[in-house]
2 protein chains.
Amino acid sequence: MPKIGMEPIRRRALIDAAISAIGERGALNVTMSDIAGRAGVSTALAHHYFGGKDDLLFATMRHILTQLGNEIRPAIAPLSGPERVRAIIAVNLSPEQFRPEIIAAWLAFYVEARRDAALGRLFRIYVHRLHSDLLSGLAGLPRPAAIRTARGIAALIDGLYLRRALGEGVEDSRTAIFLVEDYLDMALARHTPHGGPFHG
Amino acid sequence: MPKIGMEPIRRRALIDAAISAIGERGALNVTMSDIAGRAGVSTALAHHYFGGKDDLLFATMRHILTQLGNEIRPAIAPLSGPERVRAIIAVNLSPEQFRPEIIAAWLAFYVEARRDAALGRLFRIYVHRLHSDLLSGLAGLPRPAAIRTARGIAALIDGLYLRRALGEGVEDSRTAIFLVEDYLDMALARHTPHGGPFHG
DNA sequence: TTTATTATTGATTGATGAGTCAATCAAGAA
DNA sequence: TTCTTGATTGACTCATCAATCAATAATAAA
């Protein structure tokens, strides 16, 4: 163990530990000792690198959002129209994102965002980003229908997350994706001149 | 102030106070003094009537669920088919249920239910009840489509709750109801021999 | 009036957990 | 070797909060 360059390693380990800890308890319960313990360091070191618990949790949420962004960006970049929307759905509900501990963290942060202004801002940026990404893929629909469908898809994804967190209802990633795509198909079919309501 | 028969009054006041407190903070933060203070009594009295914080919170969630059940039961009893589904949607997203503090409580309890077994059971009963109520109204659809649609509606409602809690996206009760009914209409239209996709 | 019962609280206890700090360790620089 | 600097922690402080309890007030029952 060299004595230099530990910072990025510790930061990352602490963030991973925070996600893991939040995944097991409900964010409220996580303590600095729990997180630090999982990361294999003392609470003092966690404070040293992050300043305080709030900062660590904020960094953790930012990490999760960044991670999601990094998965989404390249996935949708070359696509447009419905395929772009499908890609957004697929990534948001991918096994990677649909992991119980990630879901739990989302949920916990949703709650926390109600009180923490910085966290609230972070979320609003994410929500807005998702909405405009969806809209750009729904350009084929009349504007009001596109907006409604974008909101519907976003709400469906969040709802499926919630159900997943509770451990009830839709079980796996695949089923969840199918459910949302089904919604998308119906919305698209309504504005397709005619032919069967199914396609793809 | 007579010295007898205070119990039901205090219990109710404490539960209302808990909802209000949870509405302002995120359930994690609520303290017994906060709740007791809002109810105009000492923390000792709150403990006297409820035993402990967990019991008070459990009673609070049960109250919210009971309230919802009391609104839903008479509303759907005389109805069947799509109208029954519409009634379920309308009540779940009614201004009464769509109040920010109620939503915040839901969210907080969703999180808590992950750790508290009793609370988890309570939720599972609610989820199952909602699902079978929806299914009974969707009997006109083929079984797989009915199941999928019921899950979709439930997820949409939860998702809209989440968005509401975050203070973003769909604004009011009416818009939320319209969004979910739109989903229902599409699901129904797909299995209607033909004619326009809209009705009602 | 006395007695039992319900309602109610102030004060206290004990636990938990965030944040701080002075001290130690290790490795590269002088 | 000495000096400096990042890494690291144990021990401590301070605040918060759930829970308890003994004491008091007020009323109904005897």
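By convention in this document, chain letters (A, B, ...) are assigned in the order of the sequence lines, proteins followed by strands, and residues within each chain are numbered from 1. Basis for what follows: all heavy atoms, side chains included, without hydrogens, waters or symmetry-related copies.
- Between A/D182 and B/R190 there is a salt bridge, with a side-chain nitrogen of the basic residue lying less than 4.0 Å from a carboxylate oxygen of the acidic one.
- One finds no salt bridge joining B/R11 and B/D16 here, because no Lys/Arg side-chain nitrogen approaches an Asp/Glu carboxylate oxygen to under 4.0 Å.
- What separates CG of B/L56 from C1' of D/dC17 is a distance of 15 Å, to the nearest Å.
- Of the candidates D/dA18, D/dA7, C/dG19, the closest approach to any side-chain atom of A/E7 belongs to D/dA7.
- Using a 4.0 Å cut-off between a side-chain N of Lys or Arg and a carboxylate O of Asp or Glu, A/D34 and A/R25 qualify as a salt bridge.
- Looking at which nucleotide of DNA chain C each of A/D54 and B/P8 is closest to, the 5′-most match is held by B/P8.
- Note: CG (B/L14) to P (C/dA7) measures 13 Å, nearest angstrom.
- Between A/F50 atom CZ and D/dA7 atom P there is a gap of 13 Å when expressed in whole angstrom units.
- The CG-C1' distance, from B/N29 to C/dT16, rounds to 16 Å in whole Å.
- Atom P of nucleotide C/dA7 and atom CZ of B/R10 are separated by 9 Å, given to the nearest angstrom.
- Shown for residues 41-49 of chain A: residues whose heavy atoms fall under 4.0 angstrom of DNA chain D, namely A/V41, A/S42, A/A44, A/L45, A/H48, A/Y49.
- Protein atom CG of B/L57 is 10 Å distant from nucleotide atom P of D/dA19, rounded to whole Å.
- Atom CD1 of B/I9 and atom P of C/dT6 are 16 Å apart (whole Å).
- Listed nucleotides D/dT8, C/dA18, D/dA18 differ in distance to A/S33; the shortest reach to its side chain belongs to C/dA18.
- The separation between B/M6 atom CE and D/dA25 atom P is 19 Å, rounded to whole Å.
- Side chain of A/H191 to backbone of A/A187: no donor-acceptor contact under 3.5 angstrom is found.
- Judged by distance alone, the side chain of B/D55 and the main-chain N or O of B/G52 form a donor-acceptor pair under 3.5 Å.
- Separation of the B/F123 and B/Y110 ring centroids falls under the 6.0 Å cut-off.
- The two residues A/L79 and A/A87 have their closest heavy-atom pair at CD1-CB, 3.7 Å.
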